[in-house]
Each structure stands twice: as structure tokens, then as C-alpha cells.
Amino acid sequence: MSRYFTEKLKNLTPYTPGEQPKDMQYIKLNTNESPFPPSQAVGEAVLRESQKLQLYSDPESVSVRERIAEIYGVKSNQVIVTNGSDEVLNFAFMAFADDKSPLIFPNITYGFYPVFAELNHIPYTEKPLKDDFTIDANDYIGANKTVVIANPNAPTGIMLSLDEIENIVKSNPDNIVIIDEAYVDFGAQSAVQLVDKYDNLLVVQTFSKSRSMAGARLGFAIGNKSLIADLNTIRYSTNPYNVNRMTDAAGAAALVDNDYYMTNCQTIIKNREWTVAELEKLGFEVLDSKTNFVFAKSDKIDGEKLYLELKNRGILVRHFTKEIICQYNRITIGTMEQMQKLIETITLILEEN
Ligand code: PMP
């Protein structure tokens with residue numbers, strides 16, 4: 001750290017992204033990416049726009065917003081698009097949380113929430129999950145704070161029901177409830193259908209997982225039009241061209257090919273069910289995932305040891321050192337071939353152990 005880093009930020013602990021080692025070719029099951037490439041039209045759109053990089057992108061991302069609006073049954077002024085959903089989460093924290101409306105979120109959840117809270121000097125409360133790793137909706141009912149819930153949650157993969165989400169939103173009319181649906185397309189129910197009923201609900205989604213665009217950085221949020229206007233005030237005060245020309249075009253093309261992506265999600269769900277069954281046969285305890293990853297532990301092997309053994313054999317999964325979850329590994333669901341290789345490798349590791 002330089003001696004110029006400001007007093008107010010020098011204690012900031014940044015987010016740690018999943019590792020991307022370059023020493024060998026790994027089967028990458030550690031950052032919840034899609035194993036499927038983007039559709040052909042997406043590649044063509046990127047190539048086309050790459051010839052126009054001398055021009056700024058559309059600061060309104062009109063075509064992406066209109067297509068999102070059509071697919072999700074809302075108006076385009078209820079949609080904002082951003083540089084990954086991380087960006088809109090940061091904007092939402094900046095816009096809707098402060099000393100008077102502090103944040104509340106689970107103690108085991110997406111690791112960026114406390115980072116954005118600290119970056120923006122917003123006080124926050126972390127509520128423990130129940131013993132079975134589910135979120136206790138009662139902790140958030142009438143919380144009188146800005147609520148952030150990943151649904152399904154990460155890294156557990158467990159979802160709350162739409163009724164529970166609605167009860168949380170309904171009981172906090174003076175605060176914003178942010179529902180982060182990064183993984184919703186893999187079998188959970190979206191709260192988007194509630195945005196016209198509750199003006200305090202903001203639903204955040206991403207193209208990174210179900211739409212195979214993690215490297216392009218495209219996220220969005222849907223809510224009441226005045227919430228979206230507030231988020232645009234933040235966006236135009238930071239970076240109006242937050243979505244680059246190629247990503248904007250890629251997003252619009254991906255939405256035209258929505259069926260391709262939703263079919264891929266069904267394949268991931270099938271591969272997930274297979275993987276869960278195989279892990280259970282090997283004696284693993286696997287949480288009930290509605291995402292493109294599973295969170296699993298075994299009494300037969302230490303969580304970190306399994307992570308390291310898999311890495312030595314060319315398979316990357318995500319291990320967290322936090323004590324309550326350090327026996328688990330978060331394993332992204334890939335292609336059937338990748339999952340077969342994973343199960344074969346874990347079988348060998350357990351035999352040798
Ligand atoms: N929310 C959750 C729960 C996530 O796991 C992630 C991915 N790391 C994100 C949001 C952010 O995804 P992105 O910025 O790629 O849209």
C-alpha cells in the first residue's frame with residue numbers, strides 16, 4: 001500500500017476472485033462459468049462491433065433493455081444494464097443503503113456484499129444461516145434495513161421460496177430489498193414477477209452463468225422505474241459507457257437466441273442431478289442446489305485436502321477457508337464428460353486416501 005492511499009479506504013479487504021492458474025490446462029469447475037460457448041450469432045455480433053470500436057457504445061443499451069423487457073414482461077424503463085451484475089450491486093448499495101438504511105445479509109453468501117458495503121462505508125449485519133445452511137426468512141421479515149439476498153444463495157445453492165421472498169419484501173416497505181438472482185435460471189423461481197407489485201424490490205441478474213457470457217461482463221437489474229432512474233443517476237455519475245460496444249451487441253444477440261441458452265440450462269440441471277447422485281454414492285453430503293454448482297463435503301476427506309488433490313490432478317474447484325464451510329467444496333457443473341472425469345478422480349483420491 002502506498003502512503004497516499006486514503007485513511008478511509010486503507011483497511012478495505014478486496015474481493016478475491018476464483019483462481020485462474022496458467023501452469024496447465026485445468027478442468028475449470030471453480031468459478032461457475034458455463035461450459036457451453038455463446039451462440040454463433042453472439043460471436044458474429046462481437047466481430048461486427050469490433051470494427052466500430054472507434055465509436056462509443058450506446059449509453060442507454062436500448063436494444064438489450066428492450067429485449068430483456070420483452071422476455072421478462074416489464075417495460076424497458078424498468079431495466080438497467082451494467083458491466084456484470086457486480087456493478088449494479090455496487091450501484092444499488094450506493095443508491096439505497098447508508099447509515100440510516102444499513103445492510104443486512106446472510107453470513108454465508110456472495111463474498112462481494114461485505115466488500116461493497118465497506119467500500120461505500122455502509123454499516124452491515126450478517127445473519128447466520130440455520131444449521132442446515134438454509135436462510136431463515138424470519139431474520140429479514142420487518143428488518144427495517146436494506147436487505148440483500150442471493151436467491152438461490154451462493155455458495156450453498158439453496159433457494160428460498162417465492163412466498164418467503166414476497167414476505168420479506170412486503171414487510172420492509174421503507175427499505176429496498178435486493179434479490180440477487182445470478183443463478184435463478186438453473187431451477188429457482190424468479191421474483192421479477194413481483195416488481196410491479198412492490199416498489200421496494202430490485203431483482204438483479206447476469207449473463208455470466210446461464211447465458212455463457214462471464215468474460216463479456218453483462219448484468220442487469222429490474223425494478224420499479226424510479227429505482228432504475230436512481231441507479232442511472234449513479235451510472236451517469238460514474239461511467240455512462242459502462243457496457244462496451246461488443247458486449248452490448250453480444251447481449252442483444254444472446255437474447256434473440258434465448259432458447260439455446262435455456263436448453264443449455266436444462267442440460268446443466270440434468271448433469272447436476274447426475275453429479276449429486278454420484279457424489280452421494282461416494283458418501284458425500286450435498287446441499288440441495290438450484291444452481292449450476294453443488295456444495296459438498298465428505299467425512300472421508302478434509303475439504304481443503306480434496307481441493308488440493310483435485311488441483312494436482314488438473315481439476316479446479318472452489319474451496320473457502322471460512323470455518324463453518326471449510327469442509328465443503330463448491331463444484332461448478334460442467335459438461336457430462338467433465339463431471340464423469342470429476343467423479344472418476346474423486347473415486348481415485350478417496351481410494352488412495
Ligand atoms: N451474484 C452472485 C451470487 C455471484 O455468485 C456472482 C458471480 N461471482 C455475481 C453476483 C456476479 O456476477 P457477474 O458480475 O459476473 O454478473
Side-chain angles (χ1 to χ4, degrees), residues 14-20 28-34 38 61 64 68 79-93 103 105-117 119 126 129 133 135 147-160 165 177-188 190-192 202-222 231 235 238-239 242-244 247-248 250-251 254-255 261 265 268 287 289-295 316-320 322 325 328-333:
Y15 177 72
T16 316
E19 61 188 324
Q20 312 264 17
K28 247 186 120 280
L29 306 177
N30 68 328
T31 44
N32 299 341
E33 289 143 326
S34 172
S61 290
V64 176
I68 290 174
V79 184
I80 180 172
V81 300
T82 53
N83 193 312
S85 57
D86 283 336
E87 186 177 55
V88 77
L89 288 166
N90 188 26
F91 287 175
F93 282 25
L103 290 155
F105 46 79
N107 66 337
I108 304 292
T109 189
Y110 184 34
F112 233 132
Y113 303 155
V115 178
F116 285 142
L119 177 66
E126 294 175 289
L129 296 181
F133 286 102
I135 291 174
V147 177
V148 191
I149 289 179
N151 195 43
N153 196 14
T156 61
I158 301 172
M159 70 160 192
L160 277 180
I165 295 289
V177 176
I178 301 166
I179 304 298
D180 176 356
E181 295 187 348
Y183 301 102
V184 75
D185 294 326
F186 302 100
S190 175
V192 167
L202 187 75
V203 178
V204 172
Q205 290 197 15
T206 179
F207 282 64
S208 292
K209 321 292 176 182
S210 56
R211 293 192 175 93
S212 302
M213 271 177 52
R217 315 303 301 129
L218 189 64
F220 61 98
I222 299 179
L231 293 169
R235 191 171 67 86
T238 47
N239 183 8
N242 59 332
V243 176
N244 75 71
T247 295
D248 195 42
L255 292 167
Y261 293 101
C265 290
I268 295 289
L287 301 187
S289 170
K290 292 284 181 280
T291 63
N292 67 339
F293 58 85
V294 291
F295 204 47
L316 284 180
V317 299
R318 183 93 195 241
H319 178 259
F320 300 87
K322 210 173 190 172
I325 51 172
Y328 286 80
N329 279 289
R330 191 194 68 189
I331 305 166
T332 304
I333 302 298

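Both ligands and their constituent atoms are indexed starting at 1 by order of listing. None of these values were measured; they are calculated from a predicted model. For the single chain, residues carry numbers from 1 onward in sequence order.
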Student: Relative to the ring of Tyr328, is the ring of Phe295 parallel (under 30°), tilted (30 to 60°) or perpendicular (over 60°)?
Tutor: parallel
Student: Using a strict cut-off of 4.0 Å, indicate which atoms of ligand 1 neighbour a heavy atom of Gly84.
Tutor: 14 (O), 16 (O)
Student: Number the atoms of ligand 1 from 1 as they appear, then name those within less than 4.0 Å of a heavy atom of Lys209, with their elements.
Tutor: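 Once the distances to Lys209 are compared, the set is 7 (C), 8 (N).
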Student: Judging by distance only, is a nitrogen or oxygen of Tyr113 under 3.5 angstrom from one on ligand 1?
Tutor: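 No, no N or O pair falls under 3.5 Å.
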Student: Could you tell me whether Phe112 approaches ligand 1 through its side chain, its backbone, both or neither, with non-hydrogen atoms closer than 4.0 Å?
Tutor: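 Neither; no heavy atom under 4.0 Å.
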Student: Do the non-hydrogen side-chain atoms of Arg318 and Thr332 ever get within less than 4.5 Å of each other?
Tutor: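 Side-chain contact under 4.5 Å: no.
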Student: Compare all side-chain heavy atoms of Arg217 with those of Ser208 and state whether any distance is below 4.5 angstrom.
Tutor: yes
Student: Near Tyr183, which atoms of ligand 1 are under 4.0 Å from a heavy atom of that residue?
Tutor: 3 (C), 4 (C), 5 (O), 7 (C)
Student: In the protein, what heavy atom is nearest to atom 8 (N) of ligand 1, and what distance, to one decimal place, separates them?
Tutor: Tyr110 OH, 3.3 Å
Student: Which heavy atom of the protein is the closest neighbour of atom 12 (O) of ligand 1, given with residue, atom name and distance?
Tutor: Ser85 OG, 3.3 Å
Student: Any idea how Phe105 and Phe93 line up, ring-wise: parallel (<30°), tilted (30 to 60°), or perpendicular (>60°)?
Tutor: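 Rings of Phe105 and Phe93: parallel, as their planes differ by under 30°.
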Student: How would you list, by chain and number, every residue that makes a side chain to side chain donor-acceptor pair (under 3.5 Å) with Asp86, sequence neighbours excluded?
Tutor: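 Asp86: side chain to side chain donor-acceptor pair (under 3.5 Å) contacts with Tyr110.
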Student: Strictly by modelled atom types, are Asn153 and Thr109 linked by a side-chain donor-acceptor pair under 3.5 Å?
Tutor: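 Present: a donor and an acceptor within the cut-off.
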Student: Would you check if Arg330 and Asn32 make a side-chain contact, meaning some heavy-atom pair closer than 4.5 Å?
Tutor: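 A side-chain contact under 4.5 Å exists here.
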Student: Which bit of Arg217 is near ligand 1, meaning a heavy atom under 4.0 Å away: side chain, backbone, both or neither?
Tutor: side chain
Student: Verify the distance criterion only: is there a donor paired with an acceptor across the side chains of Asp185 and Tyr261 at less than 3.5 Å?
Tutor: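 Result is no, nothing qualifies.
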Student: Please name all residues satisfying salt bridge (charged side-chain N to carboxylate O under 4.0 Å, His left out) with Glu126, sequence neighbours left out, ordered by chain then number.
Tutor: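 So Glu126 forms no salt bridge (charged side-chain N to carboxylate O under 4.0 Å, His left out) with any residue.
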Student: What do we get for Asp86 next to ligand 1 when only non-hydrogen atoms under 4.0 Å count, side chain, backbone, both or neither?
Tutor: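 Answer for Asp86: both.
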Student: Any idea which of Thr206, Asp180, Thr109 brings a heavy atom closest to atom 3 (C) of ligand 1?
Tutor: Asp180
Student: Check whether any N or O atom of Tyr15, backbone or side chain, sits under 3.5 Å from an N or O atom of ligand 1, and answer yes or no.
Tutor: no
Student: Using a 4.0 Å heavy-atom cut-off, say whether Ala182 meets ligand 1 through its side chain, its backbone, both or neither.
Tutor: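 Side chain only.
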Student: For ligand 1, which atoms have a heavy atom of Ser208 less than 4.0 angstrom away?
Tutor: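 Here the atoms of ligand 1 in question are 13 (P), 15 (O), 16 (O).
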